[in-house]
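A short write-up of the structure that comes next.
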Amino acid sequence: MSSQHNLKHQQLGLTDDDVLKMYTYMLKARKFDERATLLQRSGKTAFHISSIGQEAAQVAAAFALDKQQDYFLPYYRDYAFVLTIGMTVQELLLAALFKAEDINGGRQMPGHFGYKKLHIVSGSSPVATQVLHAVGIALTALMRKEEHVAFVTFGEGSSNQGDVHEAFNFAGVFKLPVIFLCENNQYAISIPAHRQVAGRVVDRAAGYGFPGQRVDGNDALDVYRAVKEARERAVRGYGPTLIEAMMYRIPPHSTADDDMLYRTKEEVEYHKEQDGVLRFRRYLMECDVLSDELDRALHENIAKEVNDATKYAEKSPYPAPEDVLLHVYGEDGGDL
């Protein structure tokens, strides 16, 4: 690798410490994901929807945003994203096991997140509804003349929902500070993208009057660049951007899915070799930011964190039956 390419992250304004932290979050998300799958297989939680194969893009996007000011509307595979924004493995496991100490009281399905302190807006079960919510938040920023953006993610399957097109149109008309990130993992449950999406998702941006770009979702630095540029456009008043990050969903759609009914082991194994986490690891090694010794230490530290979080979450109590009546109504004059 050339010296110039070695310094690609520095050219983007990222320090060696920044990219090492990015890699750490990717590993943490991967280890959480693997643990959540084991918990489901052992009957300790109902189901799990994995994000393996999508971590690099999610972490990169989070690093390109302002964690203190921006608002985040993730979709159900965005574990790496919410971890990078500030959630902990312990909090994710409490949610996965539906425990009372979960931020949302064990009430939400796994992957629905929702964390007011971190500006993570709770999602709902109908896919892509969060895209309209993001546009509403962006409209508020415009009306109040506040310099923050709304960042929303969705899959290429849900990009066909009417809510998405309405959101694109409204954002385009009013030049709203919103970033749309389509995580195109090439499968909408069991349907391949070529049978689900006519044309390319990224090309739809032009029809609604704002720019779109397609990036390699396995290239963390390319995703970082695209999201950073989109944020700069948004806060300067130039409106929305659509980014289509191309990646691959390595696991089945969920733990309830048999993916071998619609794809082959050879296809999956090929894409495992293209994994963005492994690619980023190789880059850091070639830049002398990461060594084998440091890599082993990171794995050990993260394994301990995940083990400790699992023990804590498993021992944590479930909500009491009467807790279902809590937080149903806001108090008069309270902050809803």
Side-chain angles (χ1 to χ4, degrees), residues 25-55 58 74-83 87-115 120 122-127 155 157 183 185 187-191 248-265 268-269 271-272 275 277 299-327:
Y25 281 117
M26 293 176 200
L27 291 181
K28 191 176 295 190
R30 179 68 56 91
K31 295 301 181 184
F32 158 77
D33 214 314
E34 293 170 348
R35 179 58 51 86
T37 300
L38 287 175
L39 289 170
Q40 191 280 331
R41 293 307 189 199
S42 61
K44 295 180 179 179
T45 188
F47 75 104
H48 176 63
I49 299 179
S50 177
S51 66
I52 291 177
Q54 301 181 212
E55 302 98 336
Q58 293 175 15
Y75 92 126
Y76 51 79
R77 293 191 196 277
D78 278 358
Y79 303 109
F81 180 82
V82 298
L83 282 169
M87 289 192 72
T88 67
V89 172
Q90 181 173 293
E91 287 168 340
L92 288 181
L93 285 168
L94 286 167
L97 296 174
F98 306 105
K99 295 303 183 80
E101 201 176 339
D102 165 41
I103 298 161
N104 297 293
R107 294 167 179 248
Q108 300 219 97
M109 293 171 64
H112 281 210
F113 312 114
Y115 204 147
I120 298 173
S122 180
S124 59
S125 292
V127 296
E183 297 182 29
N185 63 19
Y187 280 96
I189 305 184
S190 60
I191 304 298
Y248 188 82
R249 191 196 78 207
I250 293 174
H253 172 73
S254 73
T255 49
D257 174 38
D258 181 1
D259 61 321
M260 290 298 102
L261 294 175
Y262 56 83
R263 59 183 184 178
T264 66
K265 289 182 179 179
V268 176
E269 289 301 318
H271 284 284
K272 283 182 179 179
D275 178 26
V277 179
H299 276 81
E300 290 171 3
N301 291 338
I302 292 168
K304 183 180 185 304
E305 181 180 350
V306 172
N307 287 337
D308 290 346
T310 303
K311 291 174 184 176
Y312 184 92
E314 287 188 316
K315 290 179 180 178
S316 182
Y318 288 101
E322 59 270 21
D323 289 351
V324 72
L325 300 176
L326 295 175
H327 311 299

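Start at 1 with the first residue, then count along the sequence.
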Mark yes or no for whether [X], through its side chain, and [Y], through its backbone, hold a donor-acceptor pair below 3.5 Å.
X	Y	result
Asn185	Tyr187	yes
Lys31	Val306	no
Asp78	Pro74	no

Within the 3.5 Å criterion, strictly below it, is a donor on [X] or [Y] matched to an acceptor on the partner's side chain?
X	Y	value
Tyr25	Gln58	no
Gln90	Glu305	no
Gln54	Tyr79	no
Tyr318	Asp102	no

- Gln108 side chain near Phe98 side chain, heavy-atom distance below 4.5 Å: no

- Message: Any heavy-atom pair between the side chains of Leu83 and Glu55 that's under 4.5 Å?
- Response: no

- Query: Is the closest basic N to carboxylate O distance between Arg77 and Asp33 below 4.0 Å?
  - Reply: no

Spatial distance of atom [atom1] ([X]) from atom [atom2] ([Y]) [nearest 0.5 Å]:
X	Y	atom1	atom2	value
Lys315	Leu97	NZ	CG	14.0 Å
Lys28	Asn301	NZ	CG	9.5 Å
Ile52	Tyr248	CD1	OH	13.5 Å

